[in-house]
Amino acid sequence: MGPRALLLAAVLFCSAESSVHVSPEKVNVSAGGVVILPCSFPPKDVFPTVEWSKTDLKKGLVFLFRDNREDLEMKSPLYVNRTNLFLEHLKSGNASLRISNVQPADAGTYRCMRMWNNGQQNITKVELFVEMY
Ligand SMILES: *[C@@H]1O[C@H](CO)[C@@H](O)[C@H](O)[C@H]1NC(C)=O
Ligand SMILES: *[C@@H]1O[C@H](CO)[C@@H](O)[C@H](O)[C@H]1NC(C)=O
Ligand SMILES: *[C@@H]1O[C@H](CO)[C@@H](O)[C@H](O)[C@H]1NC(C)=O
Ligand SMILES: *[C@@H]1O[C@H](CO)[C@@H](O)[C@H](O)[C@H]1NC(C)=O
């Protein structure tokens, strides 16, 4: 293993460790509605990169906040124009995700990853249930 492989192994090990967690928070919403998936971080002078993903989404992300703005490059078409963070609340460590016009297929487990430029990562999960009434 070269130094790069060792570094990768270290990164994988750290992220595996920080993803050991209590069971995900559960959130229910009616189809067609709006929902907020909670995520937060200790406020600092700089914002972390915030990556919202969904465990069964094979391609793309739900939301990526990087370099102080939304990065649309890797956004899944399924979530275009339906997701946002509360940018005015980022200062206070609020990285909660708002999803509008919730679809039945939105049900599942979401992952909020906060990545700091020192390499530290924090991951929490939220499970979304969509009710059809
Ligand atoms: C949320 O949805 C799940 C799955 O449909 C259901 O088991 C649970 O009772 C619901 N919780 C609330 C508070 O309605
Ligand atoms: C998203 O919103 C933009 C601006 O309103 C619009 O041009 C675009 O067609 C929308 N995309 C989708 C997939 O709805
Ligand atoms: C984040 O902000 C939204 C919008 O004001 C609010 O509904 C939500 O409860 C906040 N979440 C946290 C973790 O503070
Ligand atoms: C974030 O993860 C790091 C390890 O990467 C851990 O030391 C720290 O306590 C975590 N912080 C929070 C707020 O969970």
Side-chain angles (χ1 to χ4, degrees):
M1 268 202 311
R4 280 187 70 96
L6 278 174
L7 180 62
L8 181 62
V11 167
L12 290 174
F13 179 73
C14 287
S15 57
E17 192 163 53
S18 62
S19 63
V20 173
H21 267 103
V22 289
S23 53
E25 190 163 334
K26 293 177 167 53
V27 175
N28 287 29
V29 64
S30 298
V34 170
V35 71
I36 296 172
L37 306 183
C39 180
S40 60
F41 56 86
K44 295 187 187 172
D45 296 338
V46 291
F47 298 145
T49 291
V50 177
E51 182 188 292
W52 275 97
S53 56
K54 185 163 182 270
T55 53
D56 65 356
L57 204 59
K58 293 200 173 52
K59 263 189 84 175
L61 298 171
V62 176
F63 198 96
L64 178 62
F65 181 84
R66 182 159 69 183
D67 300 330
N68 293 315
R69 58 177 186 84
E70 178 175 14
D71 185 332
L72 292 166
E73 208 170 301
M74 288 183 276
K75 194 177 181 94
S76 161
L78 297 174
Y79 290 94
V80 168
N81 291 353
R82 292 202 299 129
T83 54
N84 61 274
L85 302 191
F86 299 95
L87 298 181
E88 70 278 20
H89 296 320
L90 268 178
K91 280 194 290 297
S92 53
N94 182 336
S96 301
L97 178 78
R98 179 181 184 273
I99 307 178
S100 59
N101 188 18
V102 171
Q103 306 292 308
D106 292 344
T109 303
Y110 290 75
R111 203 171 79 123
C112 177
M113 178 157 65
R114 287 78 86 200
M115 292 173 276
W116 302 91
N117 45 24
N118 65 3
Q120 182 178 310
Q121 297 185 350
N122 298 90
I123 299 173
T124 46
K125 290 181 178 173
V126 184
E127 203 175 340
L128 180 65
F129 297 95
V130 180
E131 296 174 338
M132 310 302 272
Y133 28 71

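In listed order, ligands and their atoms are each counted from 1.
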Aromatic ring centroids of F41 and W116 under 6.0 Å?
yes
Where do T124 and R114 land on the side chain to side chain donor-acceptor pair (under 3.5 Å) test, with the steps shown first?
CA-CA 9 Å; T124 46; R114 287 78 86 200; 2.9 Å; yes
Would the number of heavy atoms belonging to other residues, nucleotides or ligands and lying under 6.0 Å from CG of D45 be above 12?
no
Within a distance under 4.0 Å of any heavy atom of E131, pick out the atoms of ligand 1 and give their elements.
1 (C), 2 (O), 10 (C), 14 (O)
N/O donor-acceptor pair under 3.5 Å between K59 side chain and M74 backbone:
no
I'd like to know if the side chain of Q103 reaches the main chain of N101, judged simply by a donor and an acceptor atom lying under 3.5 Å from each other, with no hydrogens or angles considered.
yes
Within ligand 3, which atoms have a heavy atom of N94 less than 4.0 Å away?
1 (C), 2 (O), 3 (C), 8 (C), 10 (C), 11 (N), 12 (C), 14 (O)
Is there a salt bridge (Lys or Arg N to Asp or Glu O under 4.0 Å) between R69 and D67 once you walk through the steps?
CA-CA 6 Å; R69 58 177 186 84; D67 300 330; 5.7 Å; no
So the atoms of ligand 3 within less than 4.0 Å of a heavy atom of I36 turn out to be 7 (O)
Return yes if some donor-acceptor pair links the side-chain N/O of R111 with the main-chain N/O of K125 below 3.5 Å, else return no.
no
Among protein heavy atoms, which lies nearest atom 10 (C) of ligand 1, and at what distance?
N28 ND2, 2.5 Å
Quick one: does atom 7 (O) of ligand 3 have a protein heavy atom under 4.0 Å from it?
yes
I'd like to know if the side chain of W52 reaches the main chain of A95, judged simply by a donor and an acceptor atom lying under 3.5 Å from each other, with no hydrogens or angles considered.
yes
Heavy-atom distances under 4.0 Å decide this one: backbone, side chain, both or neither, for K26 against ligand 1?
neither
For atom 14 (O) of ligand 2, is the nearest protein heavy atom closer than 4.0 Å?
yes
With respect to H89, determine whether any N or O atom, backbone or side chain, lies less than 3.5 Å from an N or O atom of ligand 3.
yes
Do me a favour and list the nearest non-hydrogen protein atom to atom 4 (C) of ligand 1 with residue, atom name and distance?
F129 CD2, 3.4 Å
N81 neighbourhood, listing ligand 2 atoms whose heavy-atom distance to it stays under 4.0 Å:
1 (C), 2 (O), 3 (C), 8 (C), 10 (C), 11 (N), 12 (C), 14 (O)
Considering only heavy atoms, does P38 approach ligand 3 within less than 4.0 Å through its side chain, its backbone, both, or neither?
neither
